[in-house]
Student: 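Quick one: the structure is below, and I'll ask about it shortly.
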Amino acid sequence: MTCRDLSEAVEEGAANLARERATALLAEGVEAEEVLRFGLLDAMERVGQRFKTSEIFVPEVLLAARAMQAGLSVIEPRLRRNAIGSRGTLLLGTVEGDLHSLGKNLVRIFAKSAGFTVIDLGVDVAPGVFLDAAKRHPEATVVGMSALLTTTMPIMRTVIERFEAEGLRSRFRFIVGGAPVSERYASEIGADGFGPDAATAADQLKAWASEQRPTAGRGA
Ligand code: B1M
């Protein structure tokens, strides 16, 4: 069994097979991070390319996403193995109008393994829902937003603006990510951090958690 076998199962949208192959790879001693990278993420990369060139369509992409999620659920406990006590609370969601969940789910897994409590608000999360969650969870200090569509990226700015308008901006740090999002865009919309991938996002969270929070010069 190789990661390539798993990757093919994901690409074909065979969820049960993906689950079986991910389980077999772990049983053979392959590291969960390797399974993630070469068995799951590579497959979705190819699926994206084939979707772009109209070789496959939404139903096939959806099946592949389900198969990836099946594989992810197998490796998740291994990725979380090193989790320690809570380092803080993250409010996480894919922004309004956007149904892409896999990247957001990966951020959840990596943040949890880094010791954070994650309030996962799901996908298609309206700015008001982020705000309500901020009010309901006074312990939360970070908001993480994922966007996969160029049309939904601007919602991330709206969320930050709404937090500013409600006087909540200074309590939070904002981290954003998703395939079309760049460091430059993150900075343009006033986010504090950008995650090119979920592991780097978790590193950023850890760095923030170990810092003394600045109290001046950061928004309302
Ligand atoms: Co959609 N889709 N999709 N899709 N889809 C893309 C994003 C697209 C690039 C495909 C393409 O054309 N090549 C394209 C967007 C083009 C654009 O905006 N310019 C696209 C489109 C057009 C659409 C629809 C409009 C298609 C249609 O209906 N005609 C539609 C929109 C629906 C909606 O959201 N309203 C749609 C639907 C879907 C499915 C539902 C079928 C399915 C999603 C299923 C699901 O998520 N449960 C789907 C999928 C799977 C994809 C592709 C193929 C794969 C995305 C993915 O999950 N990648 C994608 C092509 C691509 O991205 N190459 C595509 C794996 C995932 C782990 O990566 O989410 O990028 P990603 O996360 C990465 C990093 O970005 C980062 O960490 C992860 C790696 O560790 N990251 C963060 C992500 N969020 C982060 C947050 C952080 C930090 C890092 O901090 C908080």
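Positions are given from 1 along the sequence. Order of appearance sets the numbers: ligands from 1, and atoms from 1 within every ligand.
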Student: Please determine whether any non-hydrogen atom of Pro196 lies less than 4.0 Å from an atom of ligand 1.
Tutor: yes
Student: For atom 33 (C) of ligand 1, what is the nearest protein heavy atom, given as residue, atom name and distance?
Tutor: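 Looking only at protein heavy atoms, the one closest to atom 33 (C) of ligand 1 is Leu99 N, 3.6 Å.
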Student: So which heavy atom in the protein is nearest atom 52 (C) of ligand 1, and how far is it from that ligand atom?
Tutor: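 Of every protein heavy atom, Val61 CG1, 4.4 Å lies nearest to atom 52 (C) of ligand 1.
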Student: Output yes when a side-chain donor or acceptor of Asp124 lies under 3.5 Å from a complementary backbone atom of Val95, and no otherwise.
Tutor: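 Flag not set: sc Asp124 to bb Val95 has no pair under 3.5 Å.
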Student: Any idea which atoms of ligand 1 are less than 4.0 Å away from a heavy-atom of Leu102?
Tutor: 46 (O), 57 (O)
Student: With a 4.0 Å cut-off on heavy atoms, is Pro180 in contact with ligand 1?
Tutor: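 Under 4.0 Å: no for Pro180.
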Student: Considering only protein heavy atoms, which is closest to atom 10 (C) of ligand 1, and at what distance to one decimal place?
Tutor: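 Residue, atom and distance for the closest contact: Phe51 CD2, 3.3 Å.
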Student: To the nearest 0.1 Å, how far is atom 41 (C) of ligand 1 from its closest protein heavy atom, and which atom is that?
Tutor: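 The answer is Val58 CG1, 3.7 Å.
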Student: Between Met44 and ligand 1, does any nitrogen or oxygen pair lie at a separation below 3.5 Å?
Tutor: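 For ligand 1, there is no N or O atom that lies under 3.5 Å from one belonging to Met44.
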Student: Quick one: closest heavy-atom pair of Ala67 and Ala9, and the distance?
Tutor: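 In terms of heavy atoms, the two residues are closest at CB-O, 4.3 Å.
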Student: Hey, is Ala201 touching ligand 1 through its side chain, its backbone, both or neither, going by heavy atoms under 4.0 Å?
Tutor: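 Answer for Ala201: side chain.
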Student: Should Ser101 be counted as touching ligand 1, given the test is an N or O pair under 3.5 Å?
Tutor: yes
Student: Under 4.0 Å from a heavy atom of Ala65: which atoms of ligand 1 are those, numbered in the order shown and with their elements?
Tutor: 44 (C)
Student: What is the closest protein heavy atom to atom 9 (C) of ligand 1, and at what distance does it sit?
Tutor: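 Checked against all protein heavy atoms, atom 9 (C) of ligand 1 sits closest to Leu148 O, 4.8 Å.
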Student: Looking only at distances, can you tell me whether any N or O atom of His100, backbone or side chain, sits closer than 3.5 Å to an N or O atom of ligand 1?
Tutor: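 The answer is yes, given that His100 and ligand 1 share an N or O pair closer than 3.5 Å.
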Student: What's the spacing between Leu121 CG and Met145 CE if we round to 0.5 Å?
Tutor: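 Between Leu121 CG and Met145 CE, I get 11.0 Å after rounding to 0.5 Å.
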Student: Could you report the tightest heavy-atom contact between Thr94 and Ser101, atom names first, then the distance?
Tutor: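 Nearest pair, atom of Thr94 first, then Ser101: OG1-CA, 4.5 Å.
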Student: Which ligand 1 atoms are under 4.0 Å away from a heavy-atom of Val176?
Tutor: 87 (C), 90 (O)
Student: Please list, in number order, the atoms of ligand 1 under 4.0 Å from a heavy atom of Leu41.
Tutor: 67 (C)
Student: May I ask you to identify the nearest protein heavy atom to atom 22 (C) of ligand 1, giving residue, atom name and distance to one decimal place in Å?
Tutor: Leu149 CD2, 4.2 Å
Student: Assess the residue pair Ile75 and Leu36 against the criterion (side chain to side chain contact (heavy atoms under 4.5 Å, CB included)); give the C-alpha distance rounded to whole Å, side-chain angles, the decisive distance to 0.1 Å, and a yes or no.
Tutor: CA-CA 8 Å; Ile75 63 168; Leu36 173 65; 3.7 Å; yes
Student: Which ligand 1 atoms are under 4.0 Å away from a heavy-atom of Val107?
Tutor: 82 (C), 85 (C), 86 (C), 87 (C), 88 (C), 89 (C)
Student: Please confirm whether Ser146 comes within less than 3.5 Å of ligand 1 when only nitrogen or oxygen atoms on both sides are compared.
Tutor: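 For ligand 1, there is an N or O atom that lies under 3.5 Å from one belonging to Ser146.
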Student: So, regarding Leu92 and ligand 1 (criterion: nitrogen or oxygen to nitrogen or oxygen, under 3.5 Å), is there a contact or not?
Tutor: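 It does not: no N or O of Leu92 is found under 3.5 Å from an N or O of ligand 1.
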Student: What protein heavy atom lies closest to atom 40 (C) of ligand 1? Include the residue and the distance to one decimal.
Tutor: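 Among all protein heavy atoms, the one nearest atom 40 (C) of ligand 1 is Leu62 CD1, 3.7 Å.
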Student: Are any of the N or O atoms of Thr150 closer than 3.5 Å to those of ligand 1?
Tutor: yes
Student: Please confirm whether Phe57 and Phe51 have ring centers closer than 6.0 angstrom.
Tutor: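 Ring centres of Phe51 and Phe57 not closer than 6.0 Å.
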Student: Backbone or side chain, does any N or O of Gly195 fall under 3.5 Å from an N or O of ligand 1?
Tutor: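 No, Gly195 has no N/O under 3.5 Å of an N/O on ligand 1.
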Student: With Glu211, which of Lys206, Arg173, Arg87 fulfils salt bridge (Lys or Arg N to Asp or Glu O under 4.0 Å)?
Tutor: Arg173
Student: Which pair of non-hydrogen atoms, one from Val10 and one from Gly39, has the smallest distance, and what is that distance?
Tutor: CG2-O, 4.0 Å
Student: Which heavy-atom pair separates Ile56 from Val47 by the least distance, and what is that distance?
Tutor: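 What the structure gives for the nearest pair is CD1-O, 3.7 Å.
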Student: With a heavy-atom distance limit of 4.0 Å, tell me whether Met145 approaches ligand 1 through its side chain, its backbone, both, or neither.
Tutor: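 Near ligand 1, Met145 shows its backbone, while the atoms from C-beta on stay back.
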Student: May I ask you to identify the nearest protein heavy atom to atom 66 (C) of ligand 1, giving residue, atom name and distance to one decimal place in Å?
Tutor: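 Answer for atom 66 (C) of ligand 1: Gly103 N, 3.9 Å.
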